[in-house]
Each structure stands twice: as structure tokens, then as C-alpha cells.
Amino acid sequence: MMKRTEFWKGFGVGFAALLLLVCLCMTAFAASNRTIEVEDGVGISINGAVFIPKDVTGKQVPVFIYNGTTYAPVRAIGEAMGLDVQYDSANQMVLLTTQDRMLAQNGGTGSYISDDRAKEIALKDAGVNAGDAIFLKVKLERENGRFQYDVEFYSGSSEYEYEIDAATGKILSADRELEDFIVTPSPAGSGETITAERAKEIALADAGVSANNAAFKKIKLDWDDGQPEYEVEFYAGSMEYEYKINARTGKIISREIERRD
């Protein structure tokens, strides 16, 4: 008998919420070319991290409320929750499949490791403790006729990427990259700039991310047009955040949020 993976603990509740949330945006416009009033600017958070849905080209897709129903892109949210998303054009139907069902449908009667086991294998090989890792992706995919887990995570200033055979647990590939992590303290005794820690707090508060869920890539004090500013970059979940903060006033000069995967 095949082992069923536990990809999404408490999945029943989460999946019901997903179905309530995600609908094809085209539904509101399919019948006729009419103008409707919507409430836009709706945000999405997954596991406490801000999520910015994008289409296959990387363009941000708006989320909005119309007549009390929230409309959001199925593919972006489904894949963020670990679902395989396909579109059946013949029947005009979106197909959402959990990882354990993917294995059952395509993997025969073999035994497969869980996504948690794949994470353990990657962490052990990297020599990283689970508490020190921020996972960006643990995704089951079928390549060259075999199922494998793509595992990506950060620890400290390093990014790790693994491909692990879902049947044997064998590491198919491993890659580690050292990110440009710089922490520059405030000038000693200047008394004119906020500290690097304060810059981190401001960025985290604006992003709605707790310090425990953030992996910082860079905190650098620099000068631009004669003004001191902090460049703050960090990851949380699958999102990458980049901030520029005025080092004297603490005012946010610019922010950029991108989905890593």
C-alpha cells in the first residue's frame, strides 16, 4: 500500500477556505461586457506571510471583492498551498490536486516519502537545524517519469536548493549559494541615525512579518543624494522584501515585495 503524504496538516479546513476564496476572475465578465464596481486592494496572507499573487509572466494579479465574494487567481494561490493546478479547456474546469492524490494517480503502488521527510533529508545534508531554516518551497513534481521533491530554504546568509527522489529519498542534486548579507551598524557616537535593529523593526512592522519568521539577507547603511538610508532585505515564507528606510527619520522611502516561487 502506498503511504499517503501529509502535505497539508489540517488540510480539510484549509481547502474549504481555499474553495471559498478562489474563483476564476473571468466569471464576472464572461456573460457580457458590463461595468461592475469592486472593492480592490485586498491582501492575502499565507501562514503569516504576505502573499502577492502573480500570473505566469510574473505580473501581479489583483484580488478584489464583488457582491460579498472574494475573487483571486486560482493558480497562484493553489500552487502556494502545494496543489497541482491544471486547466481542462474542454470542460472549462480548473483541476486542483493534492500531492498525495498525484502520487496515487501516477505513481502506481510504490511507497513514497513525505514532504516532511524530504525536508529532514535536505536539512541533514546541509548540516542545518530545522529551527534555523526558513523554507521557501517544498514541492512535489514529476520529471522524467519520476516523482521528486524540490526543496528550497534559507539559513543564515545561505540559500539551499535540493532535488530529492520521492521514492528512495536519494538526493538527486544539491546547490548552495552564499547571499550578499551585510549588517552595517550605525556610526558610533553620531546620534543622528536610527540603529540597524530599529530599521529591521520598521520593515518587519510594515510587512506584517514577525522577526521569528524572517531571514535577513542584507541590512546596510548607505548614502543617497546626501541622505543616510538603510537598505533592508529579508525573506519570509516564499516572499522576498526589500526596503529603503531614511536613517534619520525612520520613514520608509520605498518597498518592494516579490514572490520567490
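Side chains are part of it too, since the values below use all heavy atoms of this structure and drop only hydrogens, waters and symmetry mates.
Between the side chain of Y230 and the main chain of I194, a donor-acceptor pair closer than 3.5 Å is present.
The shortest distance between side-chain heavy atoms of P62 and D40 does not fall below 4.5 Å. Proximity of R255 to Y241: side-chain heavy atoms (C-beta onward) are nowhere separated by under 4.5 Å. By the 4.5 Å heavy-atom criterion applied to side chains, E163 and D150 are counted as neighbours. Annotation: side chain of K217 is not in contact with side chain of E242 (no heavy-atom distance under 4.5 Å).
The two residues Y149 and A166 make their nearest non-hydrogen contact at CE1-CB, 3.8 Å. Heavy-atom minimum distance, A214 versus V209: CB-CG1, 4.2 Å. Taking each heavy atom of V63 and P73 in turn, the nearest pair found is CG2-CD, 4.4 Å. When every heavy atom of Q92 is checked against every heavy atom of Y87, the shortest pair comes out as CA-OH, 3.3 Å. When all heavy atoms of I113 and G169 are compared, the pair lying nearest together is CD1-CA, 3.9 Å. Nearest approach of K54 to R259, heavy atoms of both residues: NZ-N, 3.9 Å.
Under the 4.5 Å side-chain contact rule for hydrophobic residues, I253 and I257 do not share a cluster. At a threshold of 4.5 Å between side-chain heavy atoms, the hydrophobic network of Ile, Leu, Val, Met, Phe, Trp and Tyr places I44 and I65 in one connected group.
Aromatic ring orientation, F153 versus Y160: parallel (interplanar angle below 30°, classes split at 30° and 60°). The aromatic rings of Y66 and Y71 lie tilted to each other, with the angle between the two planes from 30° to 60°.
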**OP:** Show the numbers, then the answer: is there a side-chain contact (heavy atoms from CB on, under 4.5 Å) between E143 and L172?
**Re:** CA-CA 12 Å; E143 291 190 14; L172 304 175; over 6 Å; no
Side chains of residues 120-127: which donor-acceptor partners sit under 3.5 Å, not counting sequence neighbours?
from	atom 1	to	atom 2	distance (Å)
E120	OE1	R117	NH1	3.2
D125	OD2	Y162	OH	2.5

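Taking a 6.0 Å sphere around CD of E37, one finds it holds 12 or fewer heavy atoms contributed by other residues, nucleotides or ligands.
The distance from atom CD1 of I245 to atom CG of L221, rounded to the nearest 0.5 Å, is 11.5 Å.
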